[in-house]
Amino acid sequence: MRAAHNLLPKDVGPKVPQVVILFGASGDLSQRKLIPGLFRLATQGFIPQCFIVGTALEDISRDEFIKLARNAVDSFYDHPFTEEDWEKFADQIDFVSVQSGPEALRGAVEKAQERCDSAPKLLHYLSVPPKAALASIKTIADAGLVENSRVIMEKPFGTDLESAIDLNKEIHKVFDETQVFRIDHFLGKEPAQNILAFRFANGLFEPIWNRNFIDHIQIDVPETLEVAGRSDFYEATGAYRDMVVTHLFQIMAFVAMEAPTALAPGPISEEKNKVFRSMVPIQPDDVVRGQYGEYRDIPGVDIESDTETFIALRCAIDNWRWAGVPFYLRTGKALAEGQRIVSIAFREPPKSMFPEGSGVGTQGPDHLTFDLADAAKVSLSFYGKRPGPGMRLDKLSMQFSMDETGMQRDVLEAYERLILDAMLGEHTLFTTAEGIERLWEVSEPLLQSPPPTRPYAIGSWGPNAIHQLVAPNAWRLPFEREWREPLGEVFDDH
Ligand code: BG6
């Protein structure tokens, strides 16, 4: 029997057919995430009918696009499917080159609309670089495809305050804000949403979730991935715009916000935006920028490039809850490990009764750690007594891993979840124009005078200066203790 928590696709998805117009359809994101994600949503019954009209600069035929889509499914789709599933999906795919103009795009969309069993909704997905976003919006307007549609926009939304304001102004000339979905895929990650559940569905932690009990917070997202293959995008973007203004600040808002009045888009955005409004502008002295040794050898990268492939920063949220609590953020490419953690360090006890040499405090403060890996993990590490004579203390931990619950198979990948939400007109996990503009505003001092990039070795944790940035604290990563594998029985949901 299926347990109650399992997703019942037909109940959670949109009720009307969807025609998805995929801009940048032949690009990397489309192949790695969007096509496989749409295939899952369509095949597993989340959407009653799903037609896709791909569009891109290349002048390729429908057949060639279908081949590319099949290749994307073969490479990146990890659920079972039959040839019949594929044939049905492929039959609902079309392709129109941007070079054929807006009329041709309209024609293809109309053809798809005619094949729907009932009146469909349109979903434009703009999987294009920032400089191409406005051209795509103009195409949508020229093709007369604005009405009855929604649009998902990919980040970064502008490159600074001025360009973000301009972009929002231009978007609002064509779309009403209710039609716009600015995607930040970190917010679609199951473990990120679990931060909200953990904080606001329990009475245990919220009372200590403030400056009186918390010493500092780290949001650390090192990646082993290098930049090769994406130099065009990356050289003009860098780690701050690619990861911090988008993903890391959004996660910070989930960690720092007050309890919203309801689990609904308005109240959640309001609380997140209050966090952003309380942020102190980022000062260059609080930032370490880095660039890995071989970055400048990548074809397409300037030999004198100053683009950062690594960034670590100290931020402050100057409100009643967080005044005086530093938030340390770090992310970068070509680092030692791929991790996504949020670590909350609690204040140490004011006095210790334990004798010198007992080990208390020697392994940092007690911590609560959220691991935002695909299978969410949470751990609480604390000092406890080592069994045996005397009073020796060790750092121990209570660990929870979603993998051990049997519920992990229900997870929707972040893009799947967010595409489904956009189809439902559900804005809760999307970012707002106001929030984004404020983040660019607090970024101004850093963007105007960025500190020089410091070199770091591939496979390291970044330039040495990162240690001074957090002193007298220390980075939580690399973990001192590995995640403990379960010893006992794995729970099942039956
Ligand atoms: C993307 C960035 O938004 O997020 C990439 O452009 C980064 O540079 C990626 O690698 C990380 O996302 P995930 O889901 O793989 O952690």
Side-chain angles (χ1 to χ4, degrees), residues 24 27-34 36-37 40 72 75-78 125-133 152-159 181-195 219-252 254 289-292 295 298 300-301 305 307-312 329-342 370-377 402 408 411-419 429-431 436 439 458 462 477:
D28 181 62
L29 180 68
S30 173
Q31 294 185 55
R32 278 188 306 112
K33 300 287 182 186
L34 307 181
R40 176 165 183 212
S75 316
F76 301 108
Y77 186 72
D78 52 13
Y125 197 121
L126 270 48
S127 175
V128 295
K131 56 182 188 244
I152 299 184
M153 311 252 330
E154 266 296 333
K155 53 102 223 197
F157 313 100
T159 48
F181 293 78
R182 295 175 189 79
I183 200 165
D184 184 306
H185 80 278
F186 267 50
L187 297 183
K189 286 181 190 284
E190 200 69 34
Q193 295 157 53
N194 208 25
I195 295 175
I219 301 177
D220 205 356
V221 186
E223 296 182 279
T224 50
L225 218 77
E226 296 180 21
V227 176
R230 280 176 92 204
S231 59
D232 212 22
F233 164 81
Y234 205 83
E235 180 63 353
T237 309
Y240 185 73
R241 290 182 172 92
D242 184 35
M243 294 292 288
V244 180
V245 186
T246 52
H247 310 320
L248 272 61
F249 283 159
Q250 294 295 331
I251 295 292
M252 185 168 90
F254 271 11
R289 293 168 73 238
Q291 191 185 74
Y292 65 84
Y295 176 70
I298 300 173
V301 171
S305 171
T307 299
E308 78 283 353
T309 57
F310 171 97
I311 190 151
L329 275 49
R330 168 169 69 172
T331 187
K333 303 291 187 204
L335 295 177
E337 284 177 31
Q339 292 275 1
R340 303 178 201 115
I341 67 150
V342 176
F370 295 89
D371 185 330
L372 310 183
D374 294 335
K377 292 176 187 161
M402 194 57 85
Q408 184 59 21
V411 166
L412 283 182
E413 201 276 330
Y415 281 95
E416 294 166 359
R417 160 74 198 242
L418 294 172
I419 290 172
L429 297 175
F430 292 85
T431 58
I436 284 163
L439 289 175
I458 291 185
L477 289 174

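One-based numbering, in listed order, for ligands and for the atoms of each. What's counted below: heavy atoms across the whole structure, side chains too, no hydrogens, waters or symmetry copies.
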*When E223 is tested against each of R340, K333, R330 for salt bridge (Lys or Arg N to Asp or Glu O under 4.0 Å), which residue passes?*
K333

*Residues in ring-ring contact (aromatic ring centres under 6.0 Å, His included) with F370, at least two apart?*
F198

*Tell me, please, which residues at least two apart from S231 pass side-chain contact (heavy atoms from CB on, under 4.5 Å).*
I298, V301

_For Y77, side-chain contact (heavy atoms from CB on, under 4.5 Å) partners two or more places apart_ = P36, F39, R40, Q44, V73, H79, F81

*When the ring planes of F430 and F181 are compared, do they come out parallel, tilted or perpendicular, using 30° and 60° as the limits?*
perpendicular

Check ligand 1 for N or O atoms under 3.5 Å from a protein N or O and list each pair with its distance.
residue: ligand 1; atom: 3 (O); partner: K155; partner atom: NZ; Å: 2.9
residue: ligand 1; atom: 3 (O); partner: H247; partner atom: NE2; Å: 2.7
residue: ligand 1; atom: 6 (O); partner: K155; partner atom: NZ; Å: 2.9
residue: ligand 1; atom: 6 (O); partner: R230; partner atom: NH2; Å: 2.8
residue: ligand 1; atom: 6 (O); partner: D242; partner atom: OD1; Å: 2.6
residue: ligand 1; atom: 6 (O); partner: D242; partner atom: OD2; Å: 3.3
residue: ligand 1; atom: 8 (O); partner: R230; partner atom: NH1; Å: 2.8
residue: ligand 1; atom: 8 (O); partner: D242; partner atom: OD2; Å: 2.6
residue: ligand 1; atom: 8 (O); partner: K333; partner atom: NZ; Å: 2.6
residue: ligand 1; atom: 10 (O); partner: E223; partner atom: OE1; Å: 3.4
residue: ligand 1; atom: 10 (O); partner: E223; partner atom: OE2; Å: 2.5
residue: ligand 1; atom: 10 (O); partner: K333; partner atom: NZ; Å: 3.1
residue: ligand 1; atom: 12 (O); partner: H185; partner atom: NE2; Å: 3.1
residue: ligand 1; atom: 14 (O); partner: H185; partner atom: NE2; Å: 2.8
residue: ligand 1; atom: 14 (O); partner: K189; partner atom: NZ; Å: 2.6
residue: ligand 1; atom: 16 (O); partner: R340; partner atom: NE; Å: 2.8
residue: ligand 1; atom: 16 (O); partner: R340; partner atom: NH2; Å: 3.0

*Counting N and O atoms only, with roles assigned by atom type, does the side chain of E413 sit under 3.5 Å from a partner on the main chain of Y415, one being a donor and the other an acceptor?*
yes

